[in-house]
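What follows is one structure encoded as structure tokens, with my remarks underneath.
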Amino acid sequence: MTKLVGIVLVSHSSELARGLAEVAAQVAGPEVRVEPAGGGPDGSLGTSGDVVREAIARADAGAGVVVLADLGSAVLTVRHLLKTELNGQVRLVDAPFVEGAVSAAVTSAAGAALDDVARAAEEARGARKL
Amino acid sequence: MITERDLDAATVSNWMREIESVIRAERDHLVQLDAAIGDGDHGTNMLRGFEAVVQALGADSGSPPGRLLVLAGRTLVSSVGGASGPLWGSALRSGGRVLGDQATFEGQELVEVLAAALASVKDLGAASPGDKTMVDALEPAVDTLRERVAAGAPLADALDEACAAAEAGGRATIPMQARKGRASYLGERSIGHQDPGATSTGLILRALQRAVATGS
């Protein structure tokens, strides 16, 4: 079967990341690896490079990984990892956290390639609710 | 008297210990500054990070100064938890790589270390002078140090002037409106507060000045 693009959700809060992973996985189905990476090094609010690195490794099924981040230091932490140690199969996208995660997960479930999943997440910025 | 090739691994270790000590002393001040325009964790995050750095460097035996800086940077990324982790982490890693495996370094190389650190912070944070960030303290310090060292000033004097430039740069963030980081969500309400990252940058450079003086 086709390898699916993994999704990593980086948030300052482990509960926010876990909750969003739950929502995205529910919408996308069980085949897509949606991995939360929330909280700081001591489990408090913040971002941990180690937690993000491990989540990316778990999400990678061989088709690449799309990473979404909530705010500030979460974005900086992922950018730092991308610059220093990760290969081109990991993509940080500029997308709204919730809509982007759902969009990316659904697109991945359909078997889309890394570029298409990343684009789907970024295009979620234009999605209207009303 | 500081001689031409006086800086070494001990300088880096002393620098990290001096940072931990000054951040500990100033933690509440940094927390207050950050509580005004951020989430109030800057002093706590920085202290946790540099405590971990001092511990990591204490467990190291015999690495050259550049490797110690890289180790310090890597430790910050995994231990700080806030934006300062990747920012100072990449700064120290980039600075450390400038030195490679050489056992000692001189003033001009220290300029290059700090210039690489600045470049890495600007690149990672996509910040420019005037955005009300640590760049507003670090850039004038690096510029001043480069000019004074090039003019043949003793390193201790050049560092003193660089620290003064960083502190002036920190104070100059007070009237700025933040364009990066969490303070940027405040818009005009960020005006009137000194940036915590620019403030701790001044402390980190003063710590460097003390570490260099200790080695003389």
Side-chain angles (χ1 to χ4, degrees), chain A residues 8-18 35-58 65 67-88 90-98 100 122 125, chain B residues 34 37-42 44-53 55-56 70 73-94 96-97 116-117 119-127 131 133-135 178-186 196-197:
Chain A
V8 169
L9 306 172
V10 184
S11 168
H12 282 63
S13 153
S14 58
E15 286 187 69
L16 179 53
R18 270 205 308 272
E35 294 291 341
D42 58 357
S44 62
L45 293 180
T47 318
S48 157
D50 296 341
V51 168
V52 175
R53 186 187 300 111
E54 288 158 17
I56 288 172
R58 284 197 307 273
V65 177
V67 183
L68 293 96
D70 62 356
L71 294 170
S73 68
V75 177
L76 289 177
T77 299
V78 178
R79 289 193 71 197
H80 178 73
L81 286 177
L82 288 173
K83 278 174 195 292
T84 52
E85 53 190 78
L86 296 172
N87 62 33
V90 180
R91 205 72 60 79
L92 173 65
V93 293
D94 187 1
F97 200 43
V98 177
E122 297 193 322
R125 184 172 295 288
Chain B
D34 196 30
I37 55 171
D39 52 4
D41 61 5
H42 185 61
T44 316
N45 283 346
M46 290 287 276
L47 182 57
R48 182 172 55 235
F50 281 98
E51 279 173 352
V53 167
Q55 199 169 15
V70 170
R74 207 163 52 228
T75 306
L76 287 178
V77 176
S78 1
S79 61
V80 168
S84 307
L87 288 170
W88 272 110
S90 71
L92 296 185
R93 287 167 85 143
S94 304
R97 278 199 295 273
S120 143
V121 166
K122 290 172 78 172
D123 176 48
L124 184 62
D131 285 347
T133 71
M134 61 186 285
V135 170
R179 287 196 290 256
K180 292 286 167 190
R182 225 153 306 177
S184 64
Y185 297 116
L186 290 171

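Letters A, B, ... mirror the listed sequences (proteins, then strands); counts begin at 1. Since the structure is predicted, the reported quantities are computational estimates derived from the model, not experimental observations.
Taking B:N45, B:V77, B:D41 one by one and counting their heavy-atom pairs under 4.5 Å with chain A, the maximum is reached by B:V77. Highest contact tally toward chain A, considering only B:S84, B:S78, B:A126, is held by B:S78 [criterion: heavy-atom pairs under 4.5 Å]. In terms of non-hydrogen atom pairs under 4.5 Å with chain B, the most contact-rich of A:V52, A:T77, A:L45 is A:T77. Interface check for chain A: of the options B:G181, B:S90, B:G85, B:G125, the most heavy-atom pairs under 4.5 Å are formed by B:S90.
Of the two parts of B:S79, only the backbone, made up of N, CA, C and O, holds a non-hydrogen atom closer than 4.5 Å to a non-hydrogen atom of chain A.
Listed by chain and residue number, A:P41, A:D50, A:V51 satisfy the side chain to side chain contact (heavy atoms under 4.5 Å, CB included) test with A:S48 (two or more places apart in sequence, or in another chain). Not a single side chain to side chain donor-acceptor pair (under 3.5 Å) links B:S184 to another residue, sequence neighbours left out.
The shortest non-hydrogen separation linking B:G81 to A:S73 is O-OG, 3.9 Å. Heavy atoms only, all atoms of each residue included: A:L76 and B:L124 are closest at CD2-O, 3.4 Å.
The salt bridge (Lys or Arg N to Asp or Glu O under 4.0 Å) contacts involving residues 72-83 of chain A comprise A:K83-B:D123, where partners must be two or more places apart or lie in separate chains.
Within residues 8-17 of chain A, the residues having any heavy atom closer than 4.5 Å to a heavy atom of chain B are A:H12, listed by residue number.
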